[in-house]
Amino acid sequence: MTTEADVIVAGAGPGGSATAHYLAREGFHVIALEKARFPREKVCGDGLTPRAVRELDYMGIDYPESEGWIRSKGLRMIGGGHRLEFPWQELESFPNFGLSLPRDSFDQRLAEHARASGADVREGHAVTDVIRDEKTGRIAGVKVRHVNDQGRKVGAEEEFRAPLVVAADGVSARLALGEGRERKPRPMGVAVRRYMRTDRHEEPWMEGHLEIWSGKRGESDLLPGYGWIFPLGDGTANVGLGTLSARGKPSGLDHRALLEDWLQHSVEDWGFEPVEESRTLGAAIPMAFNRGPHYRDGLALVGDSGGMVNPFNGEGIAYAMQAARTLAEAAVLAREARTALEAEKAYLSYPRMLRRDLGGYFTLGRIFASLVEHPLVMRMCTKYGLPRHHVMWFTHKLLADVYEPRGGDWADRTLATLARVAPRA
Ligand SMILES: Cc1cc2nc3c(=O)[nH]c(=O)nc-3n(C[C@H](O)[C@H](O)[C@H](O)COP(=O)(O)OP(=O)(O)OC[C@H]3O[C@@H](n4cnc5c(N)ncnc54)[C@H](O)[C@@H]3O)c2cc1C
């Protein structure tokens, strides 16, 4: 059986649902194929910076407290005996608050929004392969199998065909791999999280701990990474930690053990008790455009499948949604094209726009990742950086990627200049 559409999107996480929403809103016939059924668990910190809130605003998604959304008023950074609070600022380009919502609810909400915009979001549909047009060599669609309630693939393979296929299937990047997209030696994170009960579940700060130790507490045992506590307002907090490898090499670290050690020694003031039904789960985080090209021969990559995660902080939701918005721009241009060549040029503007908007900042992130890999640099940063307010003022903007791209204060202007002059990743 073959189904035709204007666009097929593989995966309905934030990247896939945002893509489906934007393209459906533009009048495209979009089918998004999601192997899971919502609500489904997704390993994540559940934290949204103002950058991600801005993307929700662009999509027209509201975030009422009654649906479980909780606002944060800033970032608290802890390390080297210091504890600093940086409220999200009043900026022209960003809202002055962050949000948290567990991913099972968040992703369902986004998928529903895509449906409301006119996209056909089909759950329980696993994409198994790409279909290539033998004459042109272009990707012409995908092969799909149904997934039953037990998570098993059942029934015969079906074909879904469209002139544009979007791989939004997350870090597994099955489609990109199937099509032979290159993986580059770029930063890669590994992170684990679990839900914990705490009386401080309504605290309006996203807390980041800049010291993660590899078991012992010597200077050389400081790891490149951070721990987080994101209160969820429902009696619990999302608690986790992640480490960074500058060129994506496996670190061999036992992240579950690191998390247990950190929970025992560094965050006593939260009075954590485990949520019985919550397991410690982890995943890799592909960063700084570690896979590409982001468009070729009818297949576009959005979100984790194209490594669109911020190497400074491991945030990927905002960038997946931003990429979706950018891809929709390119698809509209392609639809207006008069020839196939013109349409292809329009699609090729997608990777160019991504590099223009994020490439410089991601390059800074790559430099940061290779520096903090050295325990001495981490030590110097926590020892000499944390006590200096102006250094940390700059650093919190840099880490969160929330700064005014034009104008703003000295830190905004410095960051904007650095991101502009850095070679685009
Ligand atoms: C421990 C941890 C903590 C994190 N914390 C944060 C955080 O606090 N804030 C933040 O912004 N980012 C965080 N991230 C990163 C963030 O989770 C990802 O960047 C984000 O989910 C990327 O969205 P996506 O849509 O590209 O991929 P995903 O969210 O992974 O969605 C991909 C979707 O595709 C589906 N899929 C996969 N394969 C197929 C297939 N073959 N057929 C059909 N469907 C398929 C999956 O079921 C899934 O629904 C964290 C990551 C980890 C591992």
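Each ligand, and each atom within it, is numbered from 1 in the order the structure gives. This structure is a prediction, so every number in the text was calculated from the model and none was measured.
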Participant: Counting the benzene-type ring for Trp, do Tyr350 and Tyr295 have ring centres under 6.0 Å apart?
Facilitator: no
Participant: Which option, Arg40, Lys42, His125, owns the non-hydrogen atom nearest atom 30 (O) of ligand 1?
Facilitator: Lys42
Participant: Please list the nearest protein heavy atom to atom 46 (C) of ligand 1 with its residue and the distance rounded to 0.1 Å.
Facilitator: Glu34 OE2, 3.5 Å
Participant: Among all protein heavy atoms, pick the one closest to atom 31 (O) of ligand 1 and tell me residue, atom and distance.
Facilitator: Gly13 CA, 3.4 Å
Participant: Please check if the distance between the ring centroids of Tyr58 and Tyr22 is under 6.0 Å.
Facilitator: no
Participant: Counting non-hydrogen protein atoms only, what is the nearest one to atom 45 (C) of ligand 1? Give residue, atom name and distance.
Facilitator: Lys35 CG, 3.7 Å
Participant: Of the choices Cys44, Ala12, Pro14, which has the non-hydrogen atom that lies closest to atom 23 (O) of ligand 1?
Facilitator: Pro14
Participant: Closer than 4.0 angstrom, basic N to acidic O: yes or no for Arg145 and Asp129?
Facilitator: no
Participant: Tell me, which protein residue and heavy-atom name are nearest atom 25 (O) of ligand 1, and how many Å apart are they?
Facilitator: Gly15 N, 2.8 Å
Participant: Looking at atom 9 (N) of ligand 1, what's its closest protein heavy atom, distance included?
Facilitator: Gly47 O, 2.8 Å
Participant: Starting from atom 3 (C) of ligand 1, find the nearest protein heavy-atom neighbour and note its residue, name and distance.
Facilitator: Gly45 N, 3.1 Å
Participant: I'd like the name of whichever of Asp304, Asp169, Val192 reaches closest to atom 26 (O) of ligand 1 through any heavy atom.
Facilitator: Asp304
Participant: Do Glu65 and Arg71 meet the salt-bridge criterion of a basic N to acidic O distance under 4.0 Å?
Facilitator: no
